Amino acid sequence: MARTTTRWRDGWGNSRIGGLVAGAIGHLGWVRGALGGMLGIAIAGGVTLLLEMKGLEQAGLAALPFLLAPLGASAVLVFCVPASPLAQPWSVVGGNMVSAIVGLTAGHSLGTPWLAASVGVGLAIVAMSLTRSLHPPGGACALLYALGATGDQSWGIGHLVPLALNLIFLFQFGWLYNNLTGHPWPHRAPKVQHKTPDPYTRADIEALLAEWDEVLDVEVDDLDAFVQALLRKGKQA
């Protein structure tokens, strides 16, 4: 018991609690992200439900879901890390829609759930990469639609409607909320003007990233601006 108490005190002592509180209400605090995610899902799901009840019912689409699960993951990216390349509007809308279409096609083409799901996710990654719309929840969309197409309800093109509506309203609210709370979305990296004798150039960053052979979830321009700010801080110290 004493050891547990010590761990708690060491891990979540005054300094950590203070940091947690500051992280909650800061410029990009988790309270902001949580509120944005809650409102974004409420609006996307609520408006889609109203439209289905009023209009889509007459088109024989009353049984469609009004909210798709991958949207929850998209909301985390949009409202918690709005500067991420994976959270930009085209990635959110394009990545999810492209992946859903791929999953649906795989489901109807292959018929077997496990095969359609695995092939669908793999091809969705290819499609998102080629369309420059890489978005992690897209993999969930491909999986969901592949399983839906091979399931009892045999999902068809009509099942893309609620996803499209969800994404449209999440995008609209994401744009409004992020911009009102000081995070321009789509994200625009600060432009850096290099002057002699800067110790590096933008090309140096690109060359180093190529050397590392890893994909970092940050734009080169953001990395450039960060290093420049760090150098300025060093000169001021």
Side-chain angles (χ1 to χ4, degrees), residues 36-80 84 86-177 185-186:
M38 179 182 71
L39 293 174
I41 293 297
I43 290 170
V47 177
T48 301
L49 179 60
L50 286 174
L51 288 175
E52 285 188 1
M53 290 171 62
K54 290 181 178 293
L56 299 182
E57 185 175 337
Q58 298 174 3
L61 301 175
L64 291 177
F66 70 92
L67 195 57
L68 281 302
L71 207 71
S74 294
V76 173
L77 288 168
V78 170
F79 298 105
C80 294
S84 166
L86 304 178
Q88 298 314 296
W90 170 239
S91 293
V92 175
V93 178
N96 278 315
M97 286 302 297
V98 164
S99 298
I101 293 169
V102 169
L104 203 61
T105 304
H108 285 290
S109 301
L110 300 173
T112 307
W114 70 265
L115 182 59
S118 54
V119 170
V121 170
L123 290 180
I125 292 172
V126 173
M128 287 188 288
S129 299
L130 292 176
T131 57
R132 301 181 66 83
S133 62
L134 195 62
H135 186 62
C141 265
L143 182 64
L144 175 65
Y145 276 81
L147 293 176
T150 56
D152 294 336
Q153 294 183 0
S154 188
W155 283 19
I157 296 238
H159 284 80
L160 293 172
V161 173
L163 177 64
L165 292 173
N166 283 174
L167 291 170
I168 287 170
F169 296 117
L170 182 71
F171 161 76
Q172 290 178 334
F173 181 72
W175 175 82
L176 180 65
Y177 187 84
W185 192 76

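Computed from a predicted model, the values in this text were never measured in an experiment.
- For F169, the ring pair (Phe, Tyr, Trp, His ring centres under 6.0 Å) test picks out no residue, with sequence neighbours left out.
- Residues passing the side chain to side chain contact (heavy atoms under 4.5 Å, CB included) test with F171 are P89, V93, W185, sequence neighbours excluded.
- Nearest heavy atoms, H159 versus P65: CD2-CD, 4.0 Å.
- Across N96, L160, L163, a single residue satisfies side chain to side chain contact (heavy atoms under 4.5 Å, CB included) together with I101, and that is L160.
- Nearest heavy-atom pair across L71 and A44 is CD2-CB, 3.8 Å.
- T131 and S133 make their closest contact through OG1-OG, 2.8 Å (heavy atoms, listed as atom of the first residue, atom of the second, distance).
- Separating the CH2 atom in W90 from the CE atom in M97 is a distance of 10.0 Å, to the nearest 0.5 Å.
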>> Pair L165, V47 - check side chain to side chain contact (heavy atoms under 4.5 Å, CB included), show working.
In response: CA-CA 8 Å; L165 292 173; V47 177; over 6 Å; no

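- Between L167 atom CG and T48 atom OG1 the span is 9.0 Å, to the nearest 0.5 Å.
- A 6.0 Å sphere centred on CD of Q153 holds no more than 12 heavy atoms belonging to other residues, nucleotides or ligands.
- Looking at residues two or more places apart in sequence or on another chain, you find a side chain to side chain contact (heavy atoms under 4.5 Å, CB included) between S109 and T105.
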>> Between C141 and L68, is the side chain to side chain contact (heavy atoms under 4.5 Å, CB included) condition met? List the steps.
In response: CA-CA 8 Å; C141 265; L68 281 302; 5.9 Å; no

>> Run V92 and V78 through side chain to side chain contact (heavy atoms under 4.5 Å, CB included) and show every step you take.
In response: CA-CA 8 Å; V92 175; V78 170; 3.7 Å; yes

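- A search for ring pair (Phe, Tyr, Trp, His ring centres under 6.0 Å) contacts involving Y145 returns W155, not counting sequence neighbours.
- The side-chain heavy atoms of S154 and H108, taken from C-beta on, include a pair separated by under 4.5 Å.
- Applying the side chain to side chain contact (heavy atoms under 4.5 Å, CB included) rule to A140 yields the partners P70; only residues at least two apart in sequence or on another chain are considered.
- For S99 against M128, the heavy-atom pair with the smallest separation is OG-SD, 3.4 Å.
- Residues satisfying the side chain to side chain contact (heavy atoms under 4.5 Å, CB included) test with L123, not counting sequence neighbours, are V102, V119.
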>> If you apply the rule side chain to side chain contact (heavy atoms under 4.5 Å, CB included), what do you find for I168 with Q172, and how did you get there?
In response: CA-CA 6 Å; I168 287 170; Q172 290 178 334; 4.1 Å; yes

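- The closest donor-acceptor contact from the side chain of S84 to the backbone of L86 lies under 3.5 Å.
- Expressed to the nearest 0.5 Å, how far CD1 of I41 lies from CG of N166 amounts to 7.5 Å.
- Nearest heavy-atom pair, A116 versus L110, reported as atom, atom and distance to 0.1 Å: CA-CD1, 3.9 Å.
- The nearest pair of heavy atoms linking L77 to P137 is CD1-CD, 3.7 Å.
- Atom CD of Q88 is separated from atom CG of L134 by 12.5 Å, given to the nearest 0.5 angstrom.
- In this pair, F79 and F173 present their aromatic rings tilted. The plane angle is within the 30 to 60° band.
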